[in-house]
Amino acid sequence: MSEVLGLPPAALLAAAAAALLVGVAKAGFGAGSGVIATPLVALTLPVPQAAALLLPVLIGADIFAVWHYRRSASVRDLRLLLPSALVGIVLGALTFDLLAPHGRVLEVGIGILALVFVVWQGVRVQVLRALVGHPPSRLWGGVLGGLAGFTSTLAHVGGPPVAVYLLPRGLGRELFVGTAAWFFFIVNVVKLVPYGLLGLLSVDNLVVALLLLPLAYGGVALGVWLNRTVRERGFTLAIYVLLTLTGIQLVTGGSLIGRLAHLHL
């Protein structure tokens with residue numbers, strides 16, 4: 001089957017699945033399920049193109065999240081996190097520009113980030129429990145904000161640093177989720193600038209992203225339904241297994257999974 005809007009069918013399928021999972025994650029179901037989006041699409045496309053394809057989809061889902069939590073955000077924490085996040089975005093963009101000619105290096109980097117995230121999910125409870133009553137200082141908050149901006153620019157994986165800062169603050173669920181939603185909405189909108197300067201926002205990518213938006217919003221509705229009817233633990237475990245396999249594939253390369261993913265049906 002020929003390419004559609006410059007993308008092979010396997011890439012379109014991966015992007016559709018990623019958009020759906022992004023929506024499910026924005027609905028608050030399946031902790032971290034949205035983090036698989038970039039690694040999954042990176043199995044079929046170069047990392048910069050995969051990240052650029054998903055950015056408008058993420059912003060579309062973010063709009064839904066910030067509208068829902070429009071009155072729930074800690075301005076104090078946003079003022080601390082966002083300036084350093086902007087620095088992280090700049091450093092991430094420079095890293096993208098530096099490593100873009102070495103696509104294999106970026107693939108390995110995204111694969112490592114995916115595996116690190118799986119490890120993080122395994123130890124996060126212990127880490128956050130140790131931080132209860134001892135939230136990171138303003139200095140460390142700035143460092144974590146910068147790290148979130150950096151990893152978000154490379155692979156849209158900025159959640160863990162933000163969680164390490166916000167959760168020990170004891171904000172309450174509504175305020176925590178709202179603050180995180182506003183943080184990533186602002187970060188993702190700002191990321192349009194370096195992505196555009198790096199030439200990553202092609203017309204074809206933007207058209208595909210626009211076509212994927214209904215799937216992202218469908219994922220939100222699906223996530224709301226899953227929250228009411230399905231045990232989250234099994235779904236989350238399946239996501240982590242898939243993320244682990246995807247990370248291993250990106251790090252090692254050349255496996256049967258990769259060859260199947262690159263087939264032009």
Side-chain angles (χ1 to χ4, degrees), residues 5-7 11-12 14-16 18-23 25-26 34-42 45-70 73 78-79 81-101 103 106 109-110 113 144-159 161-162 178-217 219-220:
L5 293 172
L7 297 179
L12 288 172
L20 193 66
L21 287 171
V22 164
K26 292 297 180 183
V35 78
I36 197 174
T38 303
L40 185 63
V41 180
L45 293 174
V47 171
Q49 188 178 359
L53 177 63
L54 289 171
L55 181 55
V57 177
L58 287 166
I59 293 173
D62 286 336
I63 291 172
F64 176 88
V66 297
W67 172 255
H68 185 75
Y69 293 101
R70 58 191 179 279
L78 288 174
R79 284 176 176 171
L81 292 170
L82 284 171
S84 56
L86 298 181
V87 175
I89 291 171
V90 172
L91 293 176
L94 292 174
T95 302
F96 244 149
D97 193 33
L98 180 66
L99 297 182
L106 277 175
I110 299 303
L113 280 177
L144 291 168
L147 183 59
F150 180 79
T151 55
S152 181
T153 302
L154 288 179
H156 309 312
V157 186
V162 173
T179 303
W182 277 99
F183 175 83
F184 285 110
F185 171 65
I186 294 169
V187 164
N188 285 332
V189 169
V190 171
K191 279 156 51 178
L192 288 170
V193 176
Y195 274 48
L197 292 175
L198 292 172
L200 299 177
L201 300 178
S202 69
V203 174
D204 282 351
N205 266 10
L206 291 174
V207 171
V208 173
L210 185 62
L211 294 174
L212 291 175
L213 276 177
L215 277 175
Y217 287 113
V220 172

Leu206, Val207, Leu201 screened by side chain to side chain contact (heavy atoms under 4.5 Å, CB included) with Val203, the one that passes: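 One option only clears the test, and that one is Val207.
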
About how many Å separate [atom2] of [Y] and [atom1] of [X], when rounded to the nearest 0.5 Å?
| X | Y | atom1 | atom2 | value |
| --- | --- | --- | --- | --- |
| Lys191 | Leu200 | NZ | CG | 11.5 Å |
| Phe183 | Asp62 | CZ | CG | 11.0 Å |
| Leu20 | Leu212 | CG | CG | 10.5 Å |
| Leu12 | Leu45 | CG | CG | 8.5 Å |
| Phe96 | Phe150 | CZ | CZ | 10.0 Å |
| Leu213 | Leu58 | CG | CG | 10.0 Å |

Can you see which heavy atom on [X] is nearest to which on [Y], and at what distance?
| X | Y | result |
| --- | --- | --- |
| Leu86 | Val190 | CD2-CG1, 3.8 Å |
| Gly158 | Ala148 | O-CB, 3.6 Å |
| His156 | Ala51 | NE2-O, 2.8 Å |
| Ala61 | Val22 | CB-CG1, 4.0 Å |
| Gly92 | Leu154 | O-CD2, 3.7 Å |
| Pro56 | Ala209 | CB-CB, 3.7 Å |

Hey, does the side chain of [X] reach the backbone of [Y] with a donor-acceptor pair shorter than 3.5 angstrom?
| X | Y | result |
| --- | --- | --- |
| Tyr195 | Pro48 | no |
| Tyr217 | Gly60 | yes |
| Thr151 | Val157 | yes |

Is the shortest side-chain heavy-atom distance between [X] and [Y] below 4.5 Å?
| X | Y | result |
| --- | --- | --- |
| Ile89 | Val187 | yes |
| Leu192 | Ile59 | yes |
| Asn188 | Ser152 | yes |

